[in-house]
Amino acid sequence: MKTPMILETITPEKLNKFIIAKHPEANFLQSSSWGKVYELTGDQVHYLGLIENDKLVGVCLAIVKPAKRGRYLEIPGGPLIDWESSSQVKATFKSLKQLAAKENCVFIRIRPNIPDTAENQKILKQNDLHPSPMHLHAQHTVVIDLTRPEDQLLADMRRQTRYEVRRASKLNIKVTSSSETAAFKEFYQVQLATAKRQNFIPSSEAFIIAQHEAFQNQAKIYKAELDGKALAYGLILLQAPEAIYHEAASTPEGLHLPGAYALQWQVIQDAKSLGLKRYNLFGIAPPGQPHHRYAGVTTFKTGFGGTEVNYLPAHDLVVDPVKYQITKMIEIMRKKKRNL
């Protein structure tokens, strides 16, 4: 006789092991390292396993977010289950809703790591989820296949991108990488200045340092320099089988020099040499949205070739309908004000 499927607490190690074995499409957002980032910055994190007849059939990293607009349960890039199994989907959301209620959350917000198709939209709708008023991580992105030869990777680039990569080499722009704490603190200071120039909200220093502490040598700060002057920075996460261009910063000196191109090409070469299968540039604007938060970097990122991927957008499962309506109104106004 089958026992009911239920989510229960598992160890971070068990979560990671299951992801590696069963979900190669997953990225860092459901890893225990990402969970540790939030533990280090003060949030409560749940490492959950979907159990069926004493067998682990799915996993889910869930983060309790104590936002002023309404406490909620965040599930980035997950849950990692068999989305074609209606029983798994129903059991997962039933258990998550119970957990959210226990944690006094107003709603659950997910952005699954599955394609944005009519069929997948229908699955969420059938389980009482609806599109969120706010985004959750990179819904649209570019992924480069690192199993291709280097000459093919260069050939796949847009002509102008390939030109800038080669110009960077002729200019003798140097790219270095570091996993030292000092490099992350330097990155934070440069990102603060970048955010002021480009009018976006930067990560906090605590969040930047938490990524360093959680991922350790799998988190690196890349820096492109010319004659000792910094031009561009990238915070790169190496979460097998993927490398991720997670955060960026730049200097005024790099505005007219191809430091960012040199940096990306070095990351691609390094990730490939480590045996990683793909490079996720993590965030582009969808077509026809010139005011999207990633509009300014879309041409740059798509120039490196790769495949554009569209995941399902963030969806919400309401736990407290009255409080959720208040939260929804606040988020709609915030989204409009910030052009998110």
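Being a predicted model, the structure only gives us computed values, none of them experimental.
- Between I173 and P258 there is a side-chain heavy-atom pair separated by less than 4.5 Å.
- Using the six-membered ring where Trp is involved, Y324 and H130 have ring planes that are perpendicular, over 60° apart on the 30 and 60° scheme.
- Residues S203 and E247 bring a donor and an acceptor atom of their side chains to less than 3.5 Å of each other.
- With a 4.5 Å cut-off on side-chain heavy atoms, E186 and I221 do not count as touching.
- I108 pairs with exactly one of L73, L129, L99, V318 by the side-chain contact (heavy atoms from CB on, under 4.5 Å) rule, that one being L73.
- Within a 6.0 Å sphere centred on NZ of K65, heavy atoms belonging to other residues, nucleotides or ligands number more than 12.
- Note on ring orientation: taking the six-membered ring where Trp is involved, the planes of F28 and W34 are perpendicular (angle over 60°, cut-offs 30° and 60°).
- Shortest non-hydrogen contact noted between I268 and L146 is CG2-CD2, 3.9 Å.
- Evaluated for a side-chain contact (heavy atoms from CB on, under 4.5 Å) with I75, the options H46, Q30, H315 yield exactly one hit, Q30.
- What you find for K220 and F184 is that their closest heavy atoms are N-CZ, 4.1 Å.
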List the steps, then state whether side chain to side chain contact (heavy atoms under 4.5 Å, CB included) holds for Q198 with S250.
CA-CA 10 Å; Q198 299 181 4; S250 61; 3.7 Å; yes
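- The one candidate from L276, N27, I244 that meets the side-chain contact (heavy atoms from CB on, under 4.5 Å) condition with Q239 is I244.
- Side-chain contact between L96 and L317: absent, with no pair of heavy atoms (C-beta onward) separated by less than 4.5 Å.
- When side chains are defined from C-beta on, L136 does not count as touching I110, because their heavy atoms never get closer than 4.5 Å.
- Side-chain contact check for N310 versus E308: every heavy-atom pair is 4.5 Å or farther apart.
- Salt-bridge annotation for E119 and K122: absent, with no side-chain N of the basic residue lying under 4.0 Å from a carboxylate O of the acidic one.
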Determine, step by step, whether N16 and S32 satisfy the side chain to side chain donor-acceptor pair (under 3.5 Å) criterion, reporting the C-alpha distance in whole Å, the side-chain angles of both residues, the deciding distance to 0.1 Å, and the verdict.
CA-CA 7 Å; N16 288 340; S32 66; 2.6 Å; yes
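- One side chain, N280 or T141, offers a donor N or O that lies under 3.5 Å from an acceptor on the other.
- Using a 4.0 Å cut-off between a side-chain N of Lys or Arg and a carboxylate O of Asp or Glu, E74 and R109 do not qualify as a salt bridge.
- The backbone N or O of V37 sits less than 3.5 Å from a side-chain atom of T41, completing a donor-acceptor pair.
- Donor-acceptor pairing under 3.5 Å is lacking for the side chains of D316 and Y72.
- Under a 3.5 Å cut-off, the side chain of N217 and the backbone N or O of S179 do not form any donor-acceptor pair.
- Contact annotation: the side chain of Y47 never approaches that of T11 to less than 4.5 Å [non-hydrogen atoms, C-beta and beyond].
- Using bins of under 30°, 30° to 60° and over 60° for the plane-to-plane angle, the ring pair F187/Y233 lands in the perpendicular bin.
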Using the side chain to side chain contact (heavy atoms under 4.5 Å, CB included) rule, take L238 and F215 through it: C-alpha gap first, then chi angles, then the decisive distance, then the call.
CA-CA 8 Å; L238 307 171; F215 285 87; over 6 Å; no
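- At least one donor-acceptor pair closer than 3.5 Å links the side chain of K272 to the backbone N or O of R148.
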